[in-house]
Amino acid sequence: MVERYAFKKIEERWRDFWCEQGFFHAETSDTEKKFYYLNMFPYPSGSLHVGHGRNYIIGDVVTRFYIMRGYNILNPMGWDAFGLPAENAAIDRKTHPREWTLRNIAQSKEQFRAWGIEYDWDREVTTCLPDYYRFTQWLFLKLYEHDLAYKKKATVNYCPTCDTVLANEQVVGGVCERCGTPPQPKTLKQWFFRITAYADRLLDDLEKLTAWPEHVKKMQSNWIGKSVGADVTFHAEDGEEIVVFTTRPDTLWGATFMVLAPEHPLVDGLTTPGQREAVEAYCQQASRQSEVERVSTERAKTGVFTGGYAINPVNNEKIPVWTADYVLMTYGTGAIMAVPAHDERDFAFALKFGLPIIPVIERPDGVVKTYVMKGTVQDGLADALRAEGYKFEAHSDGLFVTIKADQVDRYIELMRAHLLPGGWNEVVGARFAWIFDDGVMTLNSVEADKAILARCQASEPNVKDKRTLMEMVYKLDFYRDVLFHTDYGTMLHSGPFSGTPGGKAQEKVTTWLEKTGKGCHAVHYHLHDWLISRQRYWGAPIPIVYCEKCGLVPVPEENLPVLLPEVEFIGKMGLDDIPGYAETTCPRCGGQAERDTDTMDTFVDSSWYYLRFISPRYEEGPFIKEDVDRWLPVDQYVGGVEHAILHLLYSRFITKALCDMGYLSFDEPFKRLFTQGMVCHRAYRCPEHGWLYPHEIDGDRCPHCGALVETTDYLAKMSKSKKNVVMPADIIDRYGADTERLYTLFMGPPDRDIEWSNEGVRGAFRFLNRVWTLVLSQADRIAAAPKTVDADRLDENAKRLWRRYHRTVKKVTEDIEGRFNFNTAVSSIMELVNELSPYLEKEGDDALVRAVIEGLILILSPFVPFVCEEMWRRIGHSDAILDQSWPSFLPNALEEETCEIPVQINGKLRTRVTVPIDTARDPDALKEAVLAAKSVIKWLEGKDLVKVIAIPEKMVSIVIK
RNA sequence: GCCAGAGUGGCGGAAUUGGCAGACGCGCGGGACUCAAAAUCCCGUGGCCUUUAAGGUCGUGUGGGUUCGACUCCCACCUCUGGCACCA
């Protein structure tokens, strides 16, 4: 009987050992075999739960693995320590955000220690400390110096709950990323970083990031949102220019009205006295609404006619100018030309307000529809249509005909021959034509729309109330799907451009616009400049001074840091609430001046921290260029996918900016990116009393009211508010940190979200117990065993174990290094143990046992370092595991002598044949051997052999008849 | 609406290049040990149908297709998750 697996004692013993021995100390002067592994640094917002653990456990496994493989690995840790949550928590707890933050940092470090997760703590970086934010301010000054930081008055998103403005990227799904409040538009003078100057490079360079997950790149490219088209200048009647952006210059001839955003500066000037009241009411209402509210009204279009008109530069048509909130001031030029025939939104708007809709692009599918109303034609039409081969459906009230564009001319002739006097028939879709008894009219202009409609109204009182032809035909369901389309196609009714094919149309029109001075090529982005001013205390002060004489003056580098004022923290505050903070002297003239009282967005702090880790105590600058150039880009970056846009885009921008300024020689910060999934946990909720802790629940009932408890059927992210957090302390206390680590790694592929299961934890614990017992039971045998295995003298069983061992080493190595699949690495180690354990029960080869167990401990050690370190000593070693090199696998030890080949007959697996490995490798020999096998012959009797396919070492497939 | 990603036993998942589907773990069933329980160990465990061994058959969201062979490739669709969303 061996001693019990006393995980508490074991973990206590080794907890500080690795750090004390300096295994995790990285020497940045030594760049040979360097590896920079980086986890996104945490926000120290309280205690870390098992979900946070997943991220850092992965990092620790990889780090230990690379140490054993002889790499000089840098895996540093720091704290993203400024920001609102600290402030809000400090207000709640009546303390200072610094106190709260530093206490959480200490607590988190203690948690890392308990997990056995080691870092080079000499490189710790904390963004809220002056020795760090001093250089965040330096970064601001450099961006300012290079015209990449500027202050401007703009309409920005203001969160009333957080009492500060937000960057565009921090408005997620229309609400504040932090607190869920819809932000209000507010016009303020604020600092921006000119990230749009890098829009193209941020987009194009995504292609260089071959080791980034596709979906992250996709999200970034969507966020940047590049659209290519043209800016076109329209003129108001008084000559004022109205510039619109369009991605479809080929549809210009179909522009029948214009729409300006309610905030557009020209709205006021265009509004006529008669419309003023309505327009002002509409604009005011729009300005009060947040973007969410605008969108939430089911997208029913609203808008008001300004009374003003503009001239379409391509055909000199006079078109009305409207204002409507479906046009956003924040995109393009805040004004659009509306082409209702080829844009879904414009179509809906035109239909609602009775504006003309003129098709100017042919339908590529050429579908044309026409409805022949009963009583408008002579009786023989149906037979005539049939005789000509047209497809139609006959109903009691008429014929529903669907034809192709190239049949339209013949159809019109036929129709004219059958049309009764006073009636009409229209074709819609790829062609819009109205057939009257005395001629055919085409819907090719606003005038045509009016003229045709007038004729229809004259003969049909039912359509008297219709304002446009499109409105008239829209009431027939049969027509609806062909009335507008957004495809590219041949241009129609477009003056000299009519007939231009869809593929060339945009470019041809834009070039012509440019030549005639009516417009120009233009590109617009969804990405906006990064608003970095914040009106709250807990952030890096903006190092700018306003002097009455000298204006805006940057604080000289040598005066940094601009320190956060020491105050008693008593509630929500900004630096402007702190008496005396703003008062200063002008660095240029020495006169009286005022400081900028805003702080920087915390994403500025985290946009450069990966650079600081290389020389964290350097005081002459933020980093030493030569060292940073040698160590970056980061070889492997790991973090949550929630940073796919914000942090990762900002960091890429800052790196590129610093590169262009000459401070860096690389322009992408992270070579490989891995985004790990969340750890979720079932959450319980009483309809009456809200979220409940699992231990509170009484059977399946609420302890307060006895109501049936609801379980989340989706995977709920662990969060304090949902009371579904699993704390590492509980797991470590019951099973030890090694068990938590092993389970975390084993539970599923690390990039996927996963549900925490307490039963799964027990399984991991059981496995460690089995290994412990197994290893200790062999300790004496190992101590006495020879050191080298004589592979040639092993018997069958021993050989099988030897093969399994080498296969396991290979698998574990490849899974950590290449695939990041720790779950399959762990399961292959479990398989090895499953095979090892019965071998030990019989007489066996001592040297083999020794080699396999030693190897087992080594390959298991990155996953569960405590117990492995202990077992390593127990089998007679006095040196540390991290001093050992990672086991290698011998290719020839992987080889088997025979090979079992599955045999398929007519696609079904029927039998297996065991052949010598040499036979299995040669297709002809394999074919022959399989066809000669008894178990195969049985199937072939009396049948004709059609085909035999032999895949060496894989399988044989036989086709018979 | 658009763009990603996913869908495999009772559950988490495996199958890395088109080649034995369900590795490994959990759970469950049976057994051993025990006065008993826990722990531990052993055996079994996708469904259905025959069954003395054994075998047959269905089976990776649905429906088609390509192939000697499809979880894997192609087409269409359904569901879920995430991102963006009146982007002109």
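This one's a predicted model, so the numbers in the text were calculated from it and none came from an experiment. Here is the naming used below: chain letters follow the sequence lines, and residue numbers restart at 1 for every chain.
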Nearest to the side chain of [X], heavy atoms from C-beta on, is which of [options]?
X: A/E759; options: B/G56, B/C26, B/C86; value: B/C26
X: A/W223; options: B/U57, B/A88, B/C84; value: B/C84
X: A/I951; options: B/G19, B/A88, B/C86; value: B/G19
X: A/I645; options: B/G83, B/G13, B/C86; value: B/G83
X: A/N222; options: B/C26, B/C3, B/U16; value: B/C3
X: A/R770; options: B/G12, B/G25, B/G27; value: B/G25
X: A/F245; options: B/C24, B/A88, B/C84; value: B/A88
X: A/R752; options: B/C68, B/G13, B/G56; value: B/G13
X: A/I754; options: B/C86, B/C24, B/G12; value: B/G12
X: A/L909; options: B/A21, B/G25, B/C68; value: B/A21

Length of the line joining [X]:[atom1] and [N]:[atom2], which is rounded to integer Å:
X: A/E831; N: B/A15; atom1: CD; atom2: P; answer: 11 Å
X: A/K218; N: B/C2; atom1: NZ; atom2: C1'; answer: 10 Å
X: A/D343; N: B/G1; atom1: CG; atom2: P; answer: 17 Å
X: A/F746; N: B/G25; atom1: CZ; atom2: C1'; answer: 4 Å
X: A/F349; N: B/A88; atom1: CZ; atom2: P; answer: 18 Å
X: A/N834; N: B/A14; atom1: CG; atom2: P; answer: 18 Å
X: A/N823; N: B/G22; atom1: CG; atom2: C1'; answer: 15 Å
X: A/I336; N: B/A88; atom1: CD1; atom2: C1'; answer: 5 Å

Considering only the [atom1] atoms, how many Å lie between [N] and [M], rounded to the nearest integer?
N: B/G27; M: B/G22; atom1: P; answer: 22 Å
N: B/G61; M: B/G69; atom1: C1'; answer: 23 Å
N: B/U51; M: B/U40; atom1: P; answer: 40 Å
N: B/C35; M: B/C48; atom1: C1'; answer: 44 Å
N: B/G13; M: B/A21; atom1: C1'; answer: 13 Å
N: B/C71; M: B/G9; atom1: C1'; answer: 14 Å
N: B/G7; M: B/A15; atom1: P; answer: 12 Å
N: B/A85; M: B/G10; atom1: P; answer: 40 Å

Base, sugar-phosphate, or nothing: which does [X] touch, judged by heavy atoms less than 4.0 Å apart?
X: A/M747; value: sugar-phosphate
X: A/H215; value: sugar-phosphate
X: A/G225; value: nothing
X: A/Q904; value: base
X: A/S757; value: nothing
X: A/R4; value: nothing

Exercise. Does A/G332 or A/E814 map to a spot on RNA chain B nearer the 5' end, using the closest nucleotide for each?
Worked result: A/E814

Seminar exercise, completed: Assign each of A/S828 and A/Y331 the nucleotide of RNA chain B bearing its closest heavy atom; nearer the 5' end lies the nucleotide of A/S828

Between [Y] and [X], does any NZ, NE, NH1 or NH2 come within less than 4.0 Å of an OD or OE carboxylate oxygen?
X: A/K8; Y: A/D733; result: yes
X: A/E214; Y: A/K218; result: no
X: A/R762; Y: A/E759; result: no

Exercise. Can you check B/G9 for me, syn or anti if syn means within 90° of 0?
Worked result: syn

Seminar exercise, completed: With syn defined as a glycosidic angle within 90 degrees of 0 and anti as anything else, the base of B/A53 is syn

Counter-base of [N], judged by Watson-Crick or G-U geometry with both distances under 3.5 Å:
N: B/C73; value: B/G65
N: B/U52; value: none
N: B/A23; value: none
N: B/A38; value: none
N: B/C33; value: none
N: B/G46; value: B/C58
N: B/G82; value: B/C3

When rounded to the nearest 0.5 angstrom, what distance separates [atom1] in [X] from [atom2] in [Y]?
X: A/R804; Y: A/E831; atom1: CZ; atom2: CD; value: 5.0 Å
X: A/F822; Y: A/L742; atom1: CZ; atom2: CG; value: 13.0 Å
X: A/K810; Y: A/S828; atom1: NZ; atom2: OG; value: 11.5 Å

Would you indicate, yes or no, if [N] has its OP1 or OP2 atom less than 4.0 angstrom from a side-chain nitrogen or oxygen of [X]?
X: A/R762; N: B/G25; result: no
X: A/R819; N: B/A15; result: yes
X: A/S827; N: B/G13; result: no
X: A/R910; N: B/U57; result: yes

For this session: Say whether, by atom type as modelled, one donor and one acceptor occur between the side chain of A/D343 and the main chain of A/D346 under 3.5 angstrom.
Result: yes

For this session: For the pair A/Y5 and A/F765, name the ring-plane relationship: parallel under 30°, tilted 30 to 60°, perpendicular over 60°.
Result: tilted

For this session: Please work out whether the ring planes of A/H485 and A/H342 are parallel, tilted or perpendicular, with thresholds of 30° and 60°.
Result: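 A/H485 and A/H342: perpendicular rings.
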
For this session: Please report the C-alpha distance between A/F349 and A/F257 in whole Å, then the side-chain angles of each, then the deciding distance to 0.1 Å, and finally whether the ring-ring contact (aromatic ring centres under 6.0 Å, His included) criterion is met.
Result: CA-CA 10 Å; A/F349 192 85; A/F257 59 101; 5.7 Å; yes

